[in-house]
Amino acid sequence: QGNFHDAVIRVFVDLYHKKRPDGRGIIYRGKRLVNWDPHFETAISDLEVEQTEVAGHMWHFKYPLAGGATYDYVERDAEGRETLRETRDYISIATTRPETMLGDGAVAVHPSDERYAPIVGMLCEIPVGPKDQRRLIPIITDDYPDPAFGSGAVKITGAHDFNDYGVAQRNGIPCYRLMDTRAAMRSDGAPYAESAAVAQAAARGWLVRKGYVPAGFAEQPLTLDEAAVDALNLVPDELRGLDRLEARKRVVDAITAEGLAVMVPASDPRLGRVSASSAAPAGSAQEGAPDDSYEEGGTPPELSLVPLVEPKPIMQPHGDRSKVVIEPMLTDQWFVDTAKIVQPAIDAVRNGDTVILPERDAKVYFHWLENIEPWCISRQLWWGHQIPVWYGLPLDADGFHDDEGDDALDEVEMFRLLLETEGEPHHHCAARFEGVADAFRDDLASLPHPLNAASIVEVADRETAVERLAQSLADYTISQDPTHLVYPVWRDADVLDTWFSSGLWPIGTLGWPENTLEFQRYFPTSTLVTGFDIIFFWVARMMMMQLAVVGQVPFRTVYVHALVRDEKGKKMSKSLGNVLDPLDLIDEYGCDAVRFTLTAMAAMGRDLKLSTQRIAGYRNFGTKLWNACRFAEMNGVWEGHATQVAPPPATAIVNRWIIGETALVRAEVDAALAAYRFDQAADALYRFVWGRVCDWYVEFAKPLFDGPEAAETRHTMAWVLDQCMILLHPIMPFVTEELWQTTGTRATMLAHADWPAYGDDLTDAQAMREMRWVTGLIDEVRSARAQMHVPVGLKLDALAVGLDPVAQAAFARNEALILRLARLGGVTPADSVPKGAITVTVEGGTFAIPLGGIIDIAEEKARLAKTLEKLDRDMAGLRGRLANPNFLASAKEDVIDETREKLEQGDDEAAKLRAALSRLAEAG
RNA sequence: GGGUGGUUAGCUCAGUUGGUAGAGCGUCUCGUUUACACCGAGAAUGUCGGGGGUUCGAGUCCCUCACCACCCACCA
């Protein structure tokens, strides 16, 4: 049996070795900007960063153009009229962190910004550091700068700002690291002059590569790799080792002293001070005219000039435990080159191999995958799957693999080089140490004797490795015994992102990489049910990884459900303390009620506000079903016949009707389930059980239990209630199982019962029509009685007036039910409606209930008038539609027919109502 | 700032090729009728967020504005 850890490690190793055309593995090592805590000297996650607003400043500085170049700087207003034109030899930038200027790799402007168009592709000078070794950086375009903010130009410091990092990545600008792990200015590496010269050459090389200047511009169009960039220390010698805030102060002072700060009149409102002009009446707009001209160095009026330093609240990241300011820092991390494996995951959903429901979540899925970024999978935690990579000291240090005659180097000298070198460590990846040990041994074998005899030893970390190597070197120097030489290697201390392993859930849980029976049987899986909040984290990763590893989609359908919110619509979270514990809800309302509620609210929305009142409502529903079954049991409906799939043959119209209704709801539930509309399934069952079975069928059955159709009715009721239990079982498993086992004699548990498959042949159109008529009549009588304040207990006699044969037959067949439920004493035919009676109109006839002295004529008039008024309104609408030639021409035939039919019925009823009203008028 | 979704009865929400709005809960009235007061019978309640457009017809399609929520990024 495979275990999950084996699967995770195996996939890492496979993807590491799966090289792409560019020679890089799908998993590779690279630099990444992380939130660095200088106190604990570790990377921390976004979630551990607290954003706090602090009072900061924004400085404005001039970056002079290289070689004294100048350009016409032109500003225009919204209408395109020129508002400023001057010749400049610099570009103005703003920053809240002047110390990071040392690491600038470029100045960026928006491609549409015409003010700077003349100087794009030129070099400008970072105005700090020794005057004769100032660094030059290119002026580039990128969408990131906002032309309306500040001067519109942004300095790009890729190693110390998340936005700048993105710009640098897109444009191939180097990210120069300025600080060490304690966030002090670096003091390692070559002197400033040397490093600056290298960076200078790289900047020229960039301009050549981008085609801004001819190749001859740079003698050596230098390209630096990431490690070389990281090794450069561009901190001027006198600032090395300083704290970042101290460095900031010195940088600002130096630039200001040199006259390269942007100067403005002391009255400038941006300085945040109260001054003479800002205190002046705000009446005349001209006086407060834009003083951009001052900012950018135009001739000021009489007032003295000061550096433009705006007080500005800034959101500063702090470590939530260390409380120190977090520094964005470039570090080595492991990545999945997602761009290389993303396409199959996009295609699979596009062509329907995997379906995401609801559809809009597929949009989210596509949007994310089509804009995918490299996935950083290493984490500096001590729990998790440890990365299966081992490092050794660099074997490509100067002179080591050099075949140009450095073989003459003393072998001991070579090992010494290993100790001193700081470049990229040499590494191998394999599932187990023995595997990488062999790989390191092969590398050593190519080295001259006696180094190739060194043995591979695993140690804890790099420091230990250096110690161990030094020690073995000392041993060897004394003993001259090559077996004393060791080449220490250590394992990467990082672990994998939890989503890397979770992304392998579909195959990892089935025993892969072993070809287990479970894997053969269950992969690919059918349906993944999950929340929309982890579509990126989990679903997209599973798709990509399964396709990359085993070449198949992990599931056919992804059903994305809503998230339960609290009553105010907030996401529940432990830290907010607004969590409704499902166990508490279950204690209070029962498991089935909670489950039914969640099901009924599982529409394909995003939010689901859980209200306890609604849970209570569905708890009542469970009780209702329970009581209906209790009633059935009291009448012995389950006695004498075994549970069966097919309904009993029925002659009573009521029984035929409810059997048909059951078949209808079964079909409705199946359709809802097939469409993942669990809410519709729950709703259909609720309406059926309560609204059809309990409200009507049980009541209809009561008189039948004493009549000739008693046996058939018992049998039918048993079958109907069994169907309710079966259909409700997935949503209310406990109540239904309990009922199932305590009512009839059952062959199996309900959980094991077959899902019904009976079809439309059970529906009896004639029975459906007739029962609709019967229930309609009862509803009308009840409504009329209630509105006329007739006491419920009072049984009244009624008259049937002008019933057509169909109505007559329907009435005759169901008389007992109607009398009982409408609380009528008896119904006799009559030719006309007498005075002082209330009128009830139904299809095919009229019923009248004489009330004698009881009737309040005014009230009955009002009741009928109100009904008639609504009916007239509706009929007017229908008539208007039918009178419209455009409607007749454009609407579909069945819609027109339906409209005509409705109008006919409505007119018929309206006529009866009018007749009743006029009789009342006579009586009154 | 970018993206996604939402705005329908007092509350929570349905409304899937556009045909003239529904449910549960709550409210009000009445009620011990052979299961059920966690019940029964009845009733009231909507300019379908605002505006514009397409259409014979718009809660439904298009545009626009407002507000709310969530995800992502946060301003040199």
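Convention: sequence-line order gives letters A, B, ...; per-chain numbering from 1.
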Tell me what [X] touches on the nucleic acid: a base, only sugar-phosphate, or nothing, going by heavy atoms under 4.0 Å.
{"X": "C629(A)", "result": "nothing"}
{"X": "T623(A)", "result": "base"}
{"X": "P145(A)", "result": "base"}
{"X": "K795(A)", "result": "nothing"}
{"X": "D779(A)", "result": "sugar-phosphate"}

If you compare every side-chain N and O of [X] against the phosphate oxygens of [N] (OP1, OP2), does one of them come in below 4.0 Å?
{"X": "K902(A)", "N": "rG19(B)", "result": "no"}
{"X": "R677(A)", "N": "rG15(B)", "result": "yes"}
{"X": "K866(A)", "N": "rA43(B)", "result": "no"}

Let's test this: given Watson-Crick or G-U wobble pairing with both distances under 3.5 Å, identify the partner of [N].
{"N": "rC74(B)", "answer": "none"}
{"N": "rA35(B)", "answer": "none"}
{"N": "rC67(B)", "answer": "rG6(B)"}
{"N": "rA44(B)", "answer": "none"}
{"N": "rC11(B)", "answer": "rG24(B)"}

> Are any non-hydrogen side-chain atoms of I896(A) and L882(A) less than 4.5 angstrom apart?
Replying inline: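 Touching, per the 4.5 Å side-chain cut-off.
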
> Under a 4.5 Å cut-off applied to non-hydrogen side-chain atoms, are C175(A) and Y165(A) in contact?
Replying inline: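 In contact.
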
I need the [atom1]-[atom2] distance between [X] and [N], as an integer number of Å.
{"X": "E780(A)", "N": "rA43(B)", "atom1": "CD", "atom2": "C1'", "result": "14 Å"}
{"X": "Y144(A)", "N": "rA76(B)", "atom1": "OH", "atom2": "C1'", "result": "5 Å"}
{"X": "E99(A)", "N": "rA76(B)", "atom1": "CD", "atom2": "C1'", "result": "13 Å"}
{"X": "K624(A)", "N": "rC38(B)", "atom1": "NZ", "atom2": "C1'", "result": "10 Å"}
{"X": "F536(A)", "N": "rC71(B)", "atom1": "CZ", "atom2": "P", "result": "10 Å"}
{"X": "L625(A)", "N": "rA35(B)", "atom1": "CG", "atom2": "C1'", "result": "11 Å"}
{"X": "N163(A)", "N": "rC74(B)", "atom1": "CG", "atom2": "C1'", "result": "7 Å"}
{"X": "D161(A)", "N": "rC74(B)", "atom1": "CG", "atom2": "P", "result": "8 Å"}

One thing to verify: whether [Y] and [X] come together as a salt bridge, which I'm taking to mean a side-chain N less than 4.0 angstrom from a carboxylate O.
{"X": "R630(A)", "Y": "E633(A)", "result": "no"}
{"X": "D679(A)", "Y": "R677(A)", "result": "yes"}
{"X": "R785(A)", "Y": "E780(A)", "result": "no"}

Among [options], which nucleotide has an atom closest to any side-chain atom of [X]?
{"X": "Q680(A)", "options": "rA35(B), rA41(B), rU16(B)", "result": "rU16(B)"}
{"X": "V895(A)", "options": "rU34(B), rC72(B), rG19(B)", "result": "rG19(B)"}
{"X": "R630(A)", "options": "rA73(B), rA35(B), rG42(B)", "result": "rA35(B)"}
{"X": "F162(A)", "options": "rC74(B), rU34(B), rA43(B)", "result": "rC74(B)"}
{"X": "D695(A)", "options": "rG40(B), rA43(B), rA73(B)", "result": "rG40(B)"}
{"X": "A94(A)", "options": "rA73(B), rA41(B), rA76(B)", "result": "rA76(B)"}
{"X": "V698(A)", "options": "rG42(B), rA35(B), rC38(B)", "result": "rA35(B)"}

Provide the distance between the two [atom1] atoms, one in [N] and one in [M], to the nearest whole Å.
{"N": "rU4(B)", "M": "rC65(B)", "atom1": "P", "value": "15 Å"}
{"N": "rU12(B)", "M": "rG51(B)", "atom1": "P", "value": "23 Å"}
{"N": "rC25(B)", "M": "rC68(B)", "atom1": "P", "value": "32 Å"}
{"N": "rU8(B)", "M": "rG1(B)", "atom1": "C1'", "value": "31 Å"}
{"N": "rG22(B)", "M": "rC63(B)", "atom1": "C1'", "value": "29 Å"}
{"N": "rC48(B)", "M": "rU60(B)", "atom1": "P", "value": "10 Å"}
{"N": "rU47(B)", "M": "rA9(B)", "atom1": "C1'", "value": "14 Å"}
{"N": "rG10(B)", "M": "rA44(B)", "atom1": "P", "value": "15 Å"}

Using a cutoff of under 3.5 Å, can you pull out all pairs of nitrogen or oxygen atoms linking the protein to nucleotides 23-33 of chain B, with atom names and distances?
unit_1	atom_1	unit_2	atom_2	d
rC25(B)	O2'	Q613(A)	OE1	3.2

> Regarding K624(A) and the six-membered ring of Y686(A), is the cationic atom NZ or CZ under 6.0 Å from the ring centre and inside 45° of its axis?
Replying inline: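 No - K624(A) does not lie over the ring of Y686(A) by the 6.0 Å and 45° rule.
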
>> By the definition side-chain hydrogen bond (donor to acceptor under 3.5 Å, both in side chains), identify the one residue from E327(A), R97(A), R244(A) that meets it with H160(A).
In response: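 Testing each of E327(A), R97(A), R244(A) against H160(A), the sole residue satisfying side-chain hydrogen bond (donor to acceptor under 3.5 Å, both in side chains) is E327(A).
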
> For RNA chain B, whose closest nucleotide is more 5', that of T95(A) or that of N627(A)?
Replying inline: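 Its nearest nucleotide being more 5', the pick is N627(A).
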
> When you match D164(A) and D874(A) each to their closest nucleotide on RNA chain B, which lands nearer the 5' end?
Replying inline: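 The 5'-side residue here is D874(A).
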
Pairwise N/O distances under 3.5 Å, protein to nucleotides 53-62 of chain B:
unit_1	atom_1	unit_2	atom_2	d
rC56(B)	O2'	N884(A)	ND2	2.8

> Do T742(A) and E738(A) pass the side chain to side chain donor-acceptor pair (under 3.5 Å) test, and can you show the C-alpha distance, the side-chain angles, and the key distance before you say yes or no?
Replying inline: CA-CA 6 Å; T742(A) 53; E738(A) 176 69 13; 4.8 Å; no

> Does the ring center of Y559(A) lie less than 6.0 Å from the ring center of F678(A)?
Replying inline: yes

> Between Y63(A) and Y90(A), does the ring centroid distance fall short of 6.0 Å?
Replying inline: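 For Y63(A) and Y90(A), the ring centres are not under 6.0 Å apart.
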
> Just by distance, with hydrogens left out, do E859(A) and H789(A) show a side-chain donor and acceptor under 3.5 Å apart?
Replying inline: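 Yes, side-chain donor-acceptor contact under 3.5 Å.
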
>> Less than 3.5 Å apart, any donor N or O on the side chain of W740(A) or D722(A) sitting next to an acceptor on the other?
In response: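 Side chains of W740(A) and D722(A): no pair found under 3.5 Å.
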
> Yes or no on side-chain contact (heavy atoms from CB on, under 4.5 Å) for I658(A) and T716(A), after CA distance, side-chain angles and deciding distance?
Replying inline: CA-CA 8 Å; I658(A) 196 66; T716(A) 303; 3.8 Å; yes

